[in-house]
Amino acid sequence: MTSHTDSDTTYPLRPVQFSRLTKRGIMLGLSLPQLVVLAVAVFALVAGLYLAGGKGLMFTSPVWGSCALVAAVPAGGRKLIEWVPIVARWASRTYFGQLLFRRRVIKPRPAGTLALPGDAAPLREWEDPETGAAMIHDPHAQTLTAIIGVSHPAFVLLDPGEQQRRVSGWGRVLASACRSGRIARIQVSERTLPDSGTGLAEWWRTHGTDDGSWAATVYQDLINRAGPAGERHATTISLALDMNAASRQIRTSGDGMRGAAAVLRQEMTTLTTALRAAELTSTGWLTPGEVAVILRSAYDPAAAPALGVLPRDVVNAG
């Protein structure tokens, strides 16, 4: 007798394939550096043919051939010509000694400016008066980002059928959030934080049965010893609005930061509804103080235990 095991029955999780990422180009899906290089290639090709015919075409082949290659050959998800500005920026920072971030700790930053190093230095923080959420504006990338906290059950501990249902629900969340075409990025971040054990001790006092038995005594001793060394997980979802793609809606809603906040508020409502439909519990949109605590603990983990004492302000964020 032979036995047959169907892997699809044992593991009902099915792979999900996302559609190809859309890229907006200036013309024919080509970026500005590609158009410039291709224009040089066409000019060299036409000039060679016009001046010397076939010989001119051969003599100018290194020019237009190299331009065509750097405009078409990909490397690391980008075309070769698109790496030129990035490498040039890195080289300039290396030459001027701008690879290290230095600042005076005692010198306060202006309110609303996140004191962060590197490319994150120009980030500005705005507070939405309607929702109380912190909206972070990146003037270079032209994005406006809001962050929401999410709580969820342990995915690994669920049975395969429930896992498949959760995966399908999360796919619907992504589809709903990105349907408008105005979202630049959705980032899911899960952080592991030290836990003082007070929540576990409070749960035992509320739900436990401390009857003096051997099991209750051992459990109480385990909470006292292992509770302060425990950890907790915090999950956040960052929703970034593409202000260039939503420029028309922003002008309709009042223009400027006011209009951008109104458009982002619509996307926030859509995401909250989708999370609720996927049975993911939202803990609310993060306030400026909560964002400051997350950033400070990320850059300075040693200060995490003292964050409850320090002022929750953007001045202490970085």
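Here the structure is a predicted model, which means the values were calculated and not measured. For this chain, numbers begin at 1 and follow the sequence in order.
- Here the shortest heavy-atom pairing between V263 and A246 reads CG1-CB, 4.2 Å.
- Across every non-hydrogen atom of R124 and P122, the tightest pair is NH1-O, 2.8 Å.
- Of all the heavy atoms in A68 and L38, the pair that sits closest is CA-CD2, 4.5 Å.
- For R185, the CZ atom is loosely surrounded, since the number of other residues' heavy atoms within 6.0 Å does not exceed 12.
- Atom CD of residue Q187 and atom OG1 of residue T236 lie 7.0 Å apart, to the nearest 0.5 angstrom.
- Both W126 and I250 belong to a single network of hydrophobic side chains, linked directly or stepwise wherever heavy atoms of I, L, V, M, F, W or Y lie under 4.5 Å apart.
- Rounded to the nearest 0.5 angstrom, L144 CG and H137 NE2 are separated by 6.5 Å.
- Cluster partners of L69 are V37, V70, V73, L80, I81, V84, counting Ile, Leu, Val, Met, Phe, Trp and Tyr whose side-chain heavy atoms approach within less than 4.5 Å, directly or via other members.
- Between A71 and Q34, the shortest heavy-atom contact is O-NE2, 2.8 Å.
- No more than 12 heavy atoms of other residues, nucleotides or ligands shown are found within 6.0 angstrom of CZ on R258.
- Side-chain contact between R78 and I86: present, with at least one pair of heavy atoms (C-beta onward) separated by less than 4.5 Å.
- Shortest non-hydrogen contact noted between S180 and E267 is OG-OE2, 2.9 Å.
- Exactly one of L239, L286, I237 qualifies for a side-chain contact (heavy atoms from CB on, under 4.5 Å) with I147. That residue is L286.
- At a threshold of 4.5 Å between non-hydrogen side-chain atoms, the residues R276 and T272 count as touching.
- For S176 against T270, the heavy-atom pair with the smallest separation is O-CG2, 3.7 Å.
- A distance-only check finds a donor-acceptor pair linking the side chain of E290 to the backbone of T287 [under 3.5 Å].
- At a threshold of 4.5 Å between side-chain heavy atoms, the hydrophobic network of Ile, Leu, Val, Met, Phe, Trp and Tyr places L49 and W64 in one connected group.
- Taking hydrophobic clusters as Ile, Leu, Val, Met, Phe, Trp and Tyr residues chained together by side-chain heavy-atom distances below 4.5 Å, L271 shares a cluster with V188.
- If you chain together hydrophobic residues whose side chains sit under 4.5 Å apart, L45 and F43 never meet in one group.
- To the nearest 0.5 Å, atom CG of residue L241 and atom CD of residue Q142 are 10.5 Å apart.
- Side-chain atoms of M268 and I148, non-hydrogen and from C-beta on, never get closer than 4.5 Å to each other.
- Residues V173 and W170 are in side-chain contact: their nearest non-hydrogen atoms beyond the backbone lie under 4.5 Å apart.
- A heavy-atom distance below 4.5 Å is not found between the side chains of M135 and M257.
- Taking CD from Q164 and CZ from R166, the interatomic distance works out to 13.0 Å, rounded to the nearest 0.5 Å.
- The structure places OG1 of T131 at 8.5 Å from CH2 of W285, a figure rounded to the nearest 0.5 Å.
- Note that the OG1 atom of T145 and the CD atom of E125 stand 11.0 Å from one another [nearest 0.5 Å].
- A donor-acceptor pair is defined here as one N or O able to donate and one able to accept, closer than 3.5 Å; no such pair exists between the side chain of R182 and the backbone of L264.
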